[in-house]
Engineer: 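Supplied in structure tokens, the structure appears directly below.
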Amino acid sequence: MNLESDRIRIREYKESDIGSLHLLLTNKKVMTYMPEIRSNALDDSYKTLYDAIMESKLIHRNKFFFAIEDKDTKAYIGEIGYTILLDAIEGKVVNLGYFILPQFWGKGYVTETVKILIDYMFETQNIIKICAGCVADNIGSIQVMEKAGMVQESHLVKHMMIEGQLHDRYDYRILKEEWLVRVQNH
Ligand SMILES: CC(C)(COP(=O)(O)OP(=O)(O)OC[C@H]1O[C@@H](n2cnc3c(N)ncnc32)[C@H](O)[C@@H]1OP(=O)(O)O)[C@@H](O)C(=O)NCCC(=O)NCCS
């Protein structure tokens, strides 16, 4: 898989990404809302990287984790990916996630990446619903989901424990038919 816009490329991981991925996974600011996938040592980051690479070789793939890079400089920006939650005759339901290095925040990178990936997912994969969610105080992530045309599906109260504190969670979705309406209106 290789997707591009004018300024970014979304591509499969390769072994040489270890340094960049380790920086991302160990960055406390980036991983605040995702303590469960934070890396504590280089070995953890290697496991995450090899899992992503192994999955990319499978015919029946369940996890799709991609590197986002600057097209000109080839700088590693961060990660976007999805996992299959349900694989029904009608189509697949998937969960989407994203996180990028702080120096790239607030420049529209994730909104752009999510839009490109959503188009790819609905156009080429048998996907009927894309879900995403975040802690209720993660304004940046809420903005990304809304700008990408997703709609809020639930507000789960006191649902997540992060650094000893309970947080609410918002879940968002976009259905294939909702995406089609958006595409037809552009
Ligand atoms: C949340 C995150 C993915 C946003 O990515 P990003 O590339 O900075 O987002 P964008 O630049 O596309 O921002 C989309 C909009 O949200 C706004 N925004 C981004 N971060 C914001 C913040 N912390 N507070 C307020 N607004 C914010 C942007 O200004 C932009 O609005 P605009 O188009 O009106 O200017 C990124 O900050 C990140 O990786 N955070 C750490 C990991 C994380 O929380 N991942 C999500 C877990 S659910």
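One-based numbering, in listed order, for ligands and for the atoms of each. Excluded from the calculations below are hydrogen atoms, water molecules and symmetry mates; all remaining heavy atoms, backbone and side chain alike, are included.
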Engineer: For Asn138 and ligand 1, does the shortest N/O to N/O distance drop below 3.5 Å?
Structural biologist: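 Checking ligand 1 against Asn138, an N or O pair does fall under 3.5 Å apart.
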Engineer: Go through the side-chain N and O atoms of Tyr98 and Ser141 and say whether any donor and acceptor fall under 3.5 Å apart.
Structural biologist: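 Note: Tyr98 and Ser141 side chains meet the donor-acceptor criterion.
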Engineer: With no hydrogens and no angle check, do the side chains of Ser39 and Thr26 hold a donor and an acceptor under 3.5 Å apart?
Structural biologist: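 Not at all, the side chains of Ser39 and Thr26 share no donor-acceptor pair under 3.5 Å.
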Engineer: For ligand 1, which atoms sit closer than 4.0 Å to a heavy atom of Gly133?
Structural biologist: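 Listed by number with element, the hits are 48 (S).
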Engineer: Which ligand 1 atoms does Thr111 reach within 4.0 Å, using its non-hydrogen atoms?
Structural biologist: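 Per the distance check, 10 (P), 12 (O), 13 (O), 14 (C).
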Engineer: Nearest to atom 16 (O) of ligand 1, what protein heavy atom do you find, and at what distance?
Structural biologist: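 Sorting protein heavy atoms by distance from atom 16 (O) of ligand 1 puts Gln143 CB, 3.0 Å first.
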Engineer: For the backbone of Leu175 and the side chain of Glu178, can you confirm whether one donor and one acceptor N or O come within less than 3.5 Å of each other?
Structural biologist: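 At least one qualifying donor-acceptor pair exists.
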Engineer: Under 6.0 Å from the CD atom of Gln103, do we count more than 12 heavy atoms belonging to anything else shown?
Structural biologist: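 Buried by this count: over 12 neighbours within 6.0 Å.
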Engineer: For the CG atom on Asn2, are there more than 12 heavy atoms of other groups (residues, nucleotides or ligands in this structure) within a distance under 6.0 Å?
Structural biologist: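 Atom CG in Asn2 is packed in, count exceeds 12.
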Engineer: Does the protein put any heavy atom within less than 4.0 Å of atom 36 (C) of ligand 1?
Structural biologist: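 It does; a protein heavy atom is within 4.0 Å.
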Engineer: Could you check atom 11 (O) of ligand 1 against the protein and tell me its nearest heavy-atom contact, residue, atom and distance included?
Structural biologist: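 Result: Gly108 N, 2.6 Å.
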Engineer: Measure the distance from atom 33 (O) of ligand 1 to every protein heavy atom, then report the residue, atom name and distance (to 0.1 Å) of the closest one.
Structural biologist: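 The protein heavy atom lying closest is Lys147 NZ, 3.0 Å.
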Engineer: Using only atom types and a distance under 3.5 Å, with no angle test, would you say the side chain of Asp17 pairs donor to acceptor with the backbone of Tyr13?
Structural biologist: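 Looks like no, no N/O pair under 3.5 Å.
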Engineer: Among all the protein's heavy atoms, is there at least one whose distance to atom 28 (C) of ligand 1 comes out below 4.0 Å?
Structural biologist: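 No, no protein heavy atom sits under 4.0 Å from atom 28 (C) of ligand 1.
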Engineer: Where is the nearest protein heavy atom to atom 1 (C) of ligand 1: which residue, which atom, and how far?
Structural biologist: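 The closest heavy atom on the protein side is Ser141 N, 3.6 Å.
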Engineer: In ligand 1, which numbered atoms sit nearer than 4.0 Å to a non-hydrogen atom of Ile100?
Structural biologist: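 Taking each heavy atom of Ile100 in turn, ligand 1 has 7 (O), 39 (O) under 4.0 Å.
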Engineer: Decide, yes or no, whether a salt bridge links Arg169 with Asp171 under the criterion of side-chain N to carboxylate O below 4.0 Å.
Structural biologist: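 Yes, this pair counts.
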Engineer: Could you give me the CA-CA distance, side-chain angles and deciding distance for Lys74 and Glu69, then say whether salt bridge (charged side-chain N to carboxylate O under 4.0 Å, His left out) is met?
Structural biologist: CA-CA 6 Å; Lys74 305 259 188 305; Glu69 73 176 16; 5.2 Å; no
Engineer: To check your reading of the model: name the closest protein heavy atom to atom 7 (O) of ligand 1, its residue, and the distance in Å.
Structural biologist: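 Looking only at protein heavy atoms, the one closest to atom 7 (O) of ligand 1 is Val110 N, 3.0 Å.
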Engineer: Among all protein heavy atoms in this structure, tell me which lies nearest to atom 42 (C) of ligand 1, with the distance rounded to 0.1 Å.
Structural biologist: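 In this structure, atom 42 (C) of ligand 1 has Val30 O, 3.2 Å as its nearest protein heavy atom.
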Engineer: Measure from NZ or CZ of Lys29 to the centre of the six-membered ring of Trp105 and say whether it is under 6.0 Å with the direction within 45° of the ring axis.
Structural biologist: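 Checked: cation-pi criterion met.
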Engineer: To which of Tyr33, Trp105, Phe99 does the heavy atom nearest atom 40 (N) of ligand 1 belong?
Structural biologist: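 When every heavy atom of Tyr33, Trp105, Phe99 is considered, Trp105 comes closest to atom 40 (N) of ligand 1.
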Engineer: Please write down residue, atom name and distance for the protein heavy atom closest to atom 46 (C) of ligand 1.
Structural biologist: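 Closest protein heavy atom to atom 46 (C) of ligand 1: Tyr98 O, 3.3 Å.
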Engineer: Would you call Arg7-Asp72 a salt bridge at under 4.0 Å N-O?
Structural biologist: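 Salt bridge absent between Arg7 and Asp72.
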Engineer: Classify the ring geometry between Phe64 and Tyr82 as parallel (under 30°), tilted (30 to 60°) or perpendicular (over 60°).
Structural biologist: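 Correct class here is parallel.
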Engineer: Record the part of Met31 in heavy-atom contact with ligand 1 below 4.0 Å; permitted values are side chain, backbone, both and neither.
Structural biologist: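 It is neither part, as no heavy atom is under 4.0 Å.
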Engineer: For Ile139, take its heavy atoms, then give the atoms of ligand 1 lying under 4.0 Å from any of them.
Structural biologist: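 Close to Ile139: 24 (N), 25 (C).
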Engineer: Show your working on side chain to side chain donor-acceptor pair (under 3.5 Å) between Glu153 and Tyr170 and close with a plain yes or no.
Structural biologist: CA-CA 7 Å; Glu153 220 171 37; Tyr170 293 156; over 6 Å; no
Engineer: Suppose we measure from atom 9 (O) of ligand 1 to each protein heavy atom; which comes out shortest, and what is that distance?
Structural biologist: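 Checking every protein heavy atom, the shortest distance to atom 9 (O) of ligand 1 gives Val144 CG2, 3.6 Å.
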Engineer: If you take the nearest heavy atom of each of Gly106, Ala148, Gly140, which one is closest to atom 18 (N) of ligand 1?
Structural biologist: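 Among Gly106, Ala148, Gly140, the closest heavy atom to atom 18 (N) of ligand 1 comes from Gly140.
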Engineer: Considering the heavy atoms of Lys107, write down every atom of ligand 1 situated less than 4.0 Å from one of them.
Structural biologist: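 Result: 11 (O).
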